[in-house]
S.K.: 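Before I ask anything, here is the structure I am working with.
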Amino acid sequence: METSPLALATARIIVAALPDGVELGVDEVAGLLAPPPKPELGDLAFPCFRLAKALRKGPPVIATELAQALPTDGLITETRATGPYLNVRLDLGKAAPLVLSDLVRGQPATPPAREQRVMVEYSQPNTHKAFHVGHMRNVCMGDAIVRLLRADGYDVVAANYYGDVGAHIAKCMWWYLDHLDDAGREPPAEGRGEWLGEMYTRANNLLADWADAAKAGDAEAQAKLDAGRARTTDLLQKLESRHPEVAEVWDRTRQWSLDDFAEIYRWCGVEFDRAFYESEVDEPGLALVEEYLQRGIFVESEGAVGIFNEEVKHMPFFMLRKRDGTGLYATKDLALARLKFEEHAIDRSIYVVDTRQSDHFRHVFLTLHKMGFTQAERCEHVPYEVVELPSGPMSGRKGNVILFRALRERMTAHLVDNYLAKYRGQWPDEEIERTAHVVALGAIKFGMLARDVNQKIVFDMESWMAVEGDTGPYLQYSAARTNSILRKAAKADKPFDPSLLDDPQRLQAAGAALVQPEERQLILELAELSPQVHRAADKLRPSTLCTYLLGLAKAINRFSNAKQCHVLRSEGAILEGRLLLVQAAREGMRWGMGQLGIEAPERM
RNA sequence: GCUCGCAUAGCUCAGCCGGAUAGAGCAACGGUUUCCUAAACCGUAGGCCGCAGGUUCAAAUCCUGCUGCGAGCACCA
């Protein structure tokens, strides 16, 4: 749904009352309706500026006239012109069923049937390198975008693209083969990918140290550097040609990394429909380059092959084949794009990759277009800013990284020690562990998603673990409280009765009984759920949904805290209305969080 | 230098398809528990919305210029 059921119903009433000569449709009016700055003013506000020209009257006059013209015996019970705004008050007996019924049934938004297949490529981890917090932003973003698009009615293929070839692997191999003895090559039982990543870092550091010393005039270091470089180049060539000396080792170690990644994705609750590997597109990429060089689309420049995309003014040449005849990242991206188009018949292709590669993707899409792939117009890069640590940008060399395994263990341990320990003995140990997992994951996901994509994120483990304020755990807590209310209500023989939904009269009475401001505000907030999910999907901006859910959680907690809204102590229609509201809030909150990949624990 | 992004409360940010008195979290101070989870709620204090112009009935929001910060910029991925 693009607009809330309340806005839509209200807009119908307003449009019917509009004077002749005003060309505003229901959808348009619904889009203009917004909450007034203060709840005392009304439930929805209609700004009258747009009518001024057509009616040749001042907006305040129009607001006053509309306030008198609108019928107040239906959904709208009260109208008030405040300056250029027309504020309306709604009858909750009618409004509550409109908003809450679908939520309670667990189908808050019936997405339009879109006939578009969308591929979302994200994560793209390199094998033989460690997975750290910085990589999490991409995983969280990509997964949320997949979920949001699915909720919005698209057929989505979630794709990963593993970097399983390239210079970094040659460096790792160099360490593994040349610096370790047989015992040293024995992998640990767990975290073998991370273990390989350490090797890559050591190799990188050693080469960098030699380079520094050589620069300072150290002849011995220069010799070592030359030898090291020669060996890594040799290994890289052998890797690319699948030389028997390295093929078996590559295969085995690569799998260690893939196993690590699979375990991480499992912990994160992230799933892919298709895995691509750089190793499957490097050859086809070079073949494409040759083909389009023959066809005159690509050209030679200083011995290299590429294409001049003059649209990218500051750097028009997009290199696709090096002087030595080998391919680049870009080369593979072309072959991968073709594979995506042909194998999956996708209409739209989304790449979630950090913002530093914006130029690269501009080139890729321009090039695809010039190669004749019309789908290039439906390719889009979703850029996002990088994650840093309080001590500065993440750097493997400086050791300024937090590896995924350590992150997860420290967070879950902190949650158990500081919050969940009090339930020890009361809850099964297994539930405590599971809750720590869900909450730690919620904290990470929310933290990674809540900021706009072009804001840098400083990952400060201390403050994220404080789980106070605008956090994932705050959302989870609000959902857990609704659970708790429903659980206790059922225990007190006051369970929510779903047959209420099939009895319009009872339903109306239940809605009309909700007279407290906290109840009204919660209903109004819930009405925005599906429009907000649609918006986040449409703009590919999970952060906007995060902001909305914080407001919803606030409304839930205000309601839960309000003495005058106590559920267990109420009876009759009020009880029924409140149970309906809490049930809808619970389902809505869980569903909304679910679109971000955040789970709500039963209790916490 | 060129291209892109950012600049809003002490800190971190939201608001940016122009519209009511610019909001939230953290930090500070004060309050709420015989009451469904105090991981909560309420209140107080805190703002030349980077600077200067322009467009408009109306600008944090759109346009231009400037300043500061960050990123990218041919054989890395």
Side-chain angles (χ1 to χ4, degrees), chain A residues 31-32 34 36-38 41 45 47-50 52 58-59 82-85 87 124 126 129 163 165-168 278 301-306 312-330 332-333 353-360 362 383 385-386 388 393 415 418-420 439 450-458 460 463 466-471 473-474 476-478 480-489 491-492 494 518 539 543-544 546-548 550-551 553-554 556-570 578 582 603-604:
Chain A
L32 289 170
K38 290 198 170 183
L41 290 169
C48 300
F49 305 99
R50 294 276 292 277
T82 314
Y85 290 87
N87 293 306
Q124 307 107 338
N126 283 329
K129 275 194 191 178
V165 290
H168 68 281
E278 282 189 29
S301 171
E302 296 173 31
V305 173
V312 184
K313 285 191 206 115
H314 61 287
M315 182 46 231
F317 188 66
F318 187 44
M319 186 180 293
L320 295 163
R321 191 173 80 191
K322 293 185 275 185
R323 215 176 338 211
D324 65 6
T326 59
L328 299 98
Y329 188 63
K332 295 170 206 156
D333 252 332
V353 182
D354 78 68
T355 188
R356 291 173 299 192
Q357 301 199 31
S358 293
D359 282 341
H360 166 79
R362 257 192 93 192
E385 269 291 350
V386 293
E388 296 186 348
L415 289 166
N418 291 278
Y419 297 99
L420 297 167
V439 175
R451 208 116 303 167
D452 187 82
V453 286
N454 41 33
Q455 293 286 358
K456 256 189 289 191
I457 290 179
V458 177
D460 181 348
S463 88
V467 294
E468 275 183 335
D470 288 354
T471 64
Y474 175 70
Q476 293 170 319
Y477 172 79
S478 71
R481 283 187 83 169
T482 57
N483 260 333
S484 173
I485 293 172
L486 292 167
R487 193 172 50 236
K488 293 200 172 169
K491 227 179 187 174
K494 292 179 170 179
E518 289 84 359
K539 308 251 184 234
S543 63
T544 61
C546 291
T547 303
Y548 163 75
L550 284 173
K554 191 82 182 170
I556 288 176
N557 280 320
R558 278 181 176 152
F559 167 83
S560 303
N561 259 36
K563 289 173 188 154
Q564 67 275 21
C565 299
H566 210 269
V567 178
L568 261 59
R569 282 200 300 249
S570 46
R578 287 178 178 162
V582 175
R603 49 185 182 176
M604 63 185 278

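Since this is a predicted model, take the numbers as computed values, not measurements. Letters A, B, ... are given to chains in the order of the sequence lines, protein chains preceding strands, and every chain is numbered from 1.
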S.K.: Would you say whether A:F49 stacks on B:rA58? The test is a distance between ring centres of less than 5.5 Å and an angle between planes of less than 30°.
M.R.: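 No; by the centre-distance and plane-angle rule, A:F49 does not count as stacking on B:rA58.
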
S.K.: Which one, B:rU37, B:rA39, B:rA77, comes nearest to the side chain of A:Y329?
M.R.: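 When the side chain of A:Y329 is considered, B:rA77 is the closest of B:rU37, B:rA39, B:rA77.
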
S.K.: Can you find a pair of side-chain heavy atoms, one from A:H360 and one from A:D333, that are under 4.5 Å apart?
M.R.: yes

S.K.: What is the distance from CG of A:N126 to P of B:rC76, rounded to the nearest Å?
M.R.: 16 Å

S.K.: Any side-chain heavy atom of A:R603 sitting closer than 4.5 Å to one from A:R487?
M.R.: yes

S.K.: Check whether any side-chain heavy atom of A:V439 lies under 4.5 Å from a side-chain heavy atom of A:M604, and answer yes or no.
M.R.: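 In contact.
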
S.K.: Measuring from the side chain of A:R356 (C-beta onward, heavy atoms only), which nucleotide among B:rC42, B:rC6, B:rG72 has the closest atom?
M.R.: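 Nucleotide nearest to A:R356's side chain: B:rG72.
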
S.K.: Would you say a side-chain N or O of A:Q455 is under 4.0 Å from OP1 or OP2 of B:rG70?
M.R.: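 No.
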
S.K.: Nearest-nucleotide wise, let me know which of A:T82 and A:K332 is further upstream toward the 5' end of RNA chain B.
M.R.: A:T82

S.K.: Evaluate the salt bridge (charged side-chain N to carboxylate O under 4.0 Å, His left out) criterion for residues A:E278 and A:K332: first the C-alpha distance (whole Å), next the side-chain angles of each, then the deciding distance (0.1 Å), finally the verdict.
M.R.: CA-CA 7 Å; A:E278 282 189 29; A:K332 295 170 206 156; 3.0 Å; yes

S.K.: Rounded to whole angstrom, note down the C1' distance from B:rU56 over to B:rU12.
M.R.: 34 Å

S.K.: What is the distance, to the nearest angstrom, from the CG atom on A:N483 to the P atom on B:rA39?
M.R.: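 One finds 17 Å between P of B:rA39 and CG of A:N483, rounded.
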
S.K.: I want to verify a distance call: between B:rA20, B:rC36, B:rA74, whose nearest atom is closest to the A:K488 side chain?
M.R.: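 Nearest listed nucleotide: B:rC36.
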
S.K.: Dump the intermediate steps for side chain to side chain donor-acceptor pair (under 3.5 Å) on A:T82 and A:N87, then the final yes or no.
M.R.: CA-CA 7 Å; A:T82 314; A:N87 293 306; 3.0 Å; yes

S.K.: Take atom CD of A:Q357 and atom C1' of B:rC76, then tell me their distance rounded to the nearest Å.
M.R.: 11 Å

S.K.: Quick one: A:K563 NZ to B:rC41 P, roughly how many Å, whole number?
M.R.: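 So the NZ-P distance, A:K563 to B:rC41, works out to 15 Å.
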
S.K.: Please confirm whether the shortest side-chain N or O distance from A:K554 to OP1 or OP2 of B:rC41 is below 4.0 Å.
M.R.: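 For B:rC41, OP1/OP2 do have a side-chain N/O of A:K554 under 4.0 Å.
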
S.K.: Are side-chain heavy atoms of A:E388 and A:I457 found at a separation under 4.5 Å?
M.R.: no

S.K.: Using a cutoff of under 3.5 Å, can you pull out all pairs of nitrogen or oxygen atoms linking the protein to nucleotides 1-4 of chain B, with atom names and distances?
M.R.:
from  : atom 1 : to     : atom 2 : distance (Å)
B:rU3 : O4'    : A:H314 : ND1    : 3.2

S.K.: Any side-chain heavy-atom pair from A:S570 and A:H566 closer than 4.5 angstrom?
M.R.: no

S.K.: What's the closest nucleotide to the A:M604 side chain, out of B:rA74, B:rC36, B:rA39?
M.R.: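 Looking only at side-chain atoms, A:M604 lies closest to B:rA39.
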
S.K.: At less than 4.0 Å, is any side-chain N or O atom of A:R569 found next to OP1 or OP2 of B:rC36? Yes or no.
M.R.: no

S.K.: Closest approach to the side chain of A:D452, judged atom by atom: which nucleotide of B:rU37, B:rA14, B:rC41 is it?
M.R.: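 Selected nucleotide (nearest to the side chain): B:rA14.
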
S.K.: Report yes if at least one side-chain N or O of A:N561 is closer than 4.0 Å to OP1 or OP2 of B:rA40; otherwise report no.
M.R.: no

S.K.: Roughly, in whole Å, what's the span from NZ in A:K456 to P in B:rU12?
M.R.: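 So the NZ-P distance, A:K456 to B:rU12, works out to 11 Å.
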
S.K.: Can you see which heavy atom on A:S543 is nearest to which on A:D452, and at what distance?
M.R.: OG-CA, 3.9 Å

S.K.: Out of B:rA14, B:rA74, B:rC36, which nucleotide sits closest to the side chain of A:H566?
M.R.: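 Nearest nucleotide to the side chain: B:rC36.
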
S.K.: Starting from P on B:rG25, measure out to OH on A:Y474 and report it in whole angstrom.
M.R.: 8 Å

S.K.: Considering only side-chain heavy atoms of A:V567, which listed nucleotide, B:rC36, B:rA14, B:rG25, is closest?
M.R.: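 Among the listed nucleotides, the one closest to the side chain of A:V567 is B:rC36.
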
S.K.: Looking at A:N87 and B:rA20, is any side-chain donor or acceptor paired with a base atom of the opposite kind under 3.5 Å?
M.R.: yes

S.K.: Where do A:K563 and A:R569 come nearest, in terms of heavy atoms and distance?
M.R.: O-NH2, 3.9 Å

S.K.: With a non-hydrogen cut-off below 4.0 angstrom, is A:C48 in contact with a base, only sugar-phosphate, or nothing?
M.R.: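 Since no nucleic acid heavy atom lies under 4.0 Å of A:C48, the category is nothing.
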
S.K.: Between B:rA20, B:rA77, B:rA40, which one does the side chain of A:H360 approach most closely?
M.R.: B:rA77

S.K.: Please state the C1' separation for the pair B:rU55 and B:rA9 - nearest whole angstrom.
M.R.: 30 Å

S.K.: For B:rA74 and B:rC2, measure between their C1' atoms and round to the nearest Å.
M.R.: 16 Å

S.K.: So what's the dot-bracket for RNA chain B: Watson-Crick or G-U pairs under 3.5 Å, [ ] if a pair crosses, | if it pairs off-strand?
M.R.: (((((((..((((.....[...)))).(((((.......))))).....(((((..]....))))))))))))....

S.K.: Quick check on RNA chain B: between A:N557 and A:R487, whose nearest nucleotide comes earlier from the 5' end?
M.R.: A:R487

S.K.: Please pick, from B:rA20, B:rA39, B:rC36, the nucleotide with the shortest atom-to-atom distance to any side-chain atom of A:L41.
M.R.: B:rA20

S.K.: Is the closest basic N to carboxylate O distance between A:R323 and A:E302 below 4.0 Å?
M.R.: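 Salt bridge flag = no for A:E302 with A:R323.
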
S.K.: Is a side-chain donor or acceptor of A:S560 paired with a backbone partner of A:I556 at a separation under 3.5 angstrom?
M.R.: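 Present.
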
S.K.: Using the C1' atom as the reference point in each nucleotide, state the distance between B:rC13 and B:rA77 in Å, no decimals.
M.R.: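 After rounding to an integer number of Å, I get 32 Å for this pair.
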
S.K.: Go through B:rC73, B:rA40, B:rC6 for me and flag the one nearest to the A:M315 side chain.
M.R.: B:rC73

S.K.: Send over the distance from A:L32 CG to B:rG18 P, rounded to a whole Å.
M.R.: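 After rounding, the gap between these two atoms is 10 Å.
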
S.K.: In whole angstroms, how far is the C1' atom of B:rG70 from the CD atom of A:E385?
M.R.: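 Taking atom C1' of B:rG70 as the reference, CD of A:E385 is at 7 Å.
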
S.K.: Taking the C1' atom of each, how far is B:rC26 from B:rU64, in whole Å?
M.R.: 37 Å

S.K.: For the pair A:T471 (side chain) and A:Y474 (backbone), establish whether a donor and an acceptor sit closer than 3.5 Å, ignoring hydrogens and angles.
M.R.: yes

